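To start, the structure under review is shown below, and the notes come after it.
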Protein chains: 2
Amino acid sequence: MSRNDADAESDGDHLLKVLGALNNPHRLRIVAALTHDRNYVSRLARETGISRPLLHMHLQRLEAAGLVTSTLELSDDGKAMRFYEVTPFVYQLTPDSIALATETLSRSGQREETR
Amino acid sequence: MSRNDADAESDGDHLLKVLGALNNPHRLRIVAALTHDRNYVSRLARETGISRPLLHMHLQRLEAAGLVTSTLELSDDGKAMRFYEVTPFVYQLTPDSIALATETLSRSGQREETR
DNA sequence: GGCATGTGTCAGCTTTTCTTGACGCGTGCC
DNA sequence: GGCACGCGTCAAGAAAAGCTGACACATGCC
């Protein structure tokens with residue numbers, strides 16, 4: 001696996017987060033849309049037909065999983081705009097890779113704490 | 001992708017189903033447990049510490065996604081036992097593969113109908 | 001018969017996720 | 001000022017997923 005060393009999270013927990021991030025038709029579409037080229041929130045909302053608050057939430061889920069990144073930029077006419085783009089992630093899902101990741105899964109059913 | 005032709009489901013919808021099936025710590029553990037060797041429900045329940053009704057539900061979710069298969073067999077002492085084993089699935093998750101699958105996703109937010 | 005083991009299902013509760021419709025803030029332009 | 005366009009957040013409802021404790025059936029064994 002190839003993640004930043006700084007983020008202290010087991011591979012198992014990370015995989016689960018990625019799976020959770022991708023487990024949604026809207027979020028799949030968002031990733032697809034950003035694959036072609038980066039975009040800012042309001043425009044992405046228009047193009048995908050997703051309401052802005054909703055899109056905002058989905059983007060955060062994707063960003064939390066490390067699948068997209070965002071940067072705040074100022075346009076020529078002085079407006080603050082948040083641009084999103086996909087990270088070049090690669091995840092291989094096989095019984096073995098899952099078995100491996102599962103070894104480093106935190107306790108049972110508990111959801112990951114955002115402390 | 002390498003699925004059965006008989007199941008009429010788009011790649012996009014199928015991918016979503018697989019992601020949904022794997023998006024759960026219990027189900028990841030179940031896949032891991034079955035990777036080593038096949039097992040029957042009650043024993044798997046004991047070994048994983050998951051209640052039988054719950055395990056039953058998780059197994060069905062995995063089976064519906066095609067990640068595990070089951071066969072009903074009769075043990076020497078005449079008991080009917082359902083054995084589960086993993087299928088040798090391989091899924092590659094990248095922005096491009098997702099963009100591709102997304103093209104064949106059924107309409108927007110609607111959940112897949114089981115008609 | 002009573003008990004252990006296996007199978008499966010159902011109702012009902014709790015928790016999480018999804019979604020919408022307000023709000024708030026800022027800027028530039030006519 | 002009023003409008004259009006960016007940004008973000010909050011409360012609250014609707015829908016889905018997760019989980020538990022019954023209950024049903026079957027078999028073999030003492």
Side-chain angles (χ1 to χ4, degrees), chain A residues 13 16-30 38-65 68-84 105 107-114, chain B residues 13 16-30 38-65 68-84 105 107-114:
Chain A
D13 289 345
L16 198 50
K17 195 181 274 182
V18 168
L19 290 169
L22 292 177
N23 178 29
N24 181 287
H26 282 162
R27 289 195 287 267
L28 287 182
R29 273 189 243 274
I30 292 170
R38 53 179 241 153
N39 209 344
Y40 64 94
V41 185
S42 288
R43 192 149 95 93
L44 187 57
R46 281 192 295 272
E47 291 176 358
T48 57
I50 304 174
S51 74
R52 230 169 32 75
L54 186 53
L55 177 60
H56 188 264
M57 187 226 107
H58 285 316
L59 284 170
Q60 287 208 319
R61 210 119 157 37
L62 288 169
E63 190 167 25
V68 303
T69 49
S70 71
T71 47
L72 193 60
E73 300 178 19
L74 272 85
S75 66
D76 291 348
D77 58 338
K79 296 208 169 83
M81 315 181 84
R82 181 165 295 277
F83 279 86
Y84 277 89
L105 253 188
R107 56 263 169 276
S108 236
Q110 268 111 145
R111 292 321 198 180
E112 174 66 24
E113 301 183 46
T114 322
Chain B
D13 290 345
L16 197 50
K17 194 181 274 183
V18 169
L19 289 169
L22 292 176
N23 179 29
N24 181 288
H26 281 162
R27 289 196 287 267
L28 287 183
R29 273 188 243 274
I30 292 170
R38 54 180 239 152
N39 208 343
Y40 64 95
V41 184
S42 288
R43 192 148 95 92
L44 187 56
R46 281 191 295 271
E47 292 176 359
T48 57
I50 303 174
S51 75
R52 231 168 34 73
L54 185 54
L55 177 60
H56 189 265
M57 185 225 108
H58 284 317
L59 284 171
Q60 287 209 318
R61 209 118 156 39
L62 288 169
E63 190 167 24
V68 304
T69 49
S70 72
T71 45
L72 193 61
E73 299 177 20
L74 272 87
S75 66
D76 291 348
D77 58 339
K79 295 210 169 80
M81 316 181 84
R82 182 165 293 277
F83 279 86
Y84 278 90
L105 252 187
R107 55 267 168 274
S108 234
Q110 269 110 144
R111 292 320 199 180
E112 174 65 25
E113 304 182 43
T114 324

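For clarity, every value in this text was computed on a predicted model and none was experimentally measured. Proteins come first, then strands; the chains are lettered A, B, ... in the order of their sequence lines, and each starts at number 1.
The separation between A:L72 atom CG and C:dC25 atom P is 19 Å, rounded to whole Å. Taking atom CE on A:M57 and atom C1' on D:dA12, their separation rounds to 16 Å, with Å as the unit. Per the geometry, CD belonging to A:Q60 stands 17 Å off C1' belonging to C:dT16, to the nearest Å. The nearest whole Å value for the distance from the CZ atom in B:R46 to the P atom in C:dT5 is 7 Å.
Regarding contacts with the backbone of D:dG6, every side-chain N or O of A:R82 stays at 4.0 angstrom or more from both OP1 and OP2. Applying the 4.0 Å criterion to OP1 and OP2 of C:dT9, one finds that B:H56 has a side-chain N or O inside that range. Side-chain N/O atoms of B:N24 include none lying less than 4.0 angstrom from OP1 or OP2 on D:dA17. Phosphate proximity of C:dT5 to B:S42: absent, as no side-chain N or O sits under 4.0 Å from OP1 or OP2. Put simply, B:Y40 has a side-chain N or O that comes within less than 4.0 Å of OP1 or OP2 on C:dG6. Under 4.0 angstrom from either OP1 or OP2 of D:dG6 there lies no side-chain N or O belonging to A:S75.
Contacts of A:R43 with the nucleic acid, taken as non-hydrogen atoms under 4.0 Å apart, are absent.
The side chain of B:H58 has D:dC19 as its nearest neighbour among D:dC7, D:dC19, C:dT7. Out of C:dT9, D:dA17, C:dT19, the shortest distance to the side chain of B:R61 is found at D:dA17.
Nearest-nucleotide positions on DNA chain C for A:D77 and A:R27 put A:R27 closer to the 5' end.
One distance of note links NE2 of B:H56 with CZ of B:R82; it measures 7.5 Å at 0.5 Å rounding.
Below the 3.5 angstrom threshold, one finds a donor paired with an acceptor across the side chain of B:R52 and the base of C:dG8.
Between A:L19 and B:L28 the shortest heavy-atom distance is CD1-CD2, 4.1 Å.
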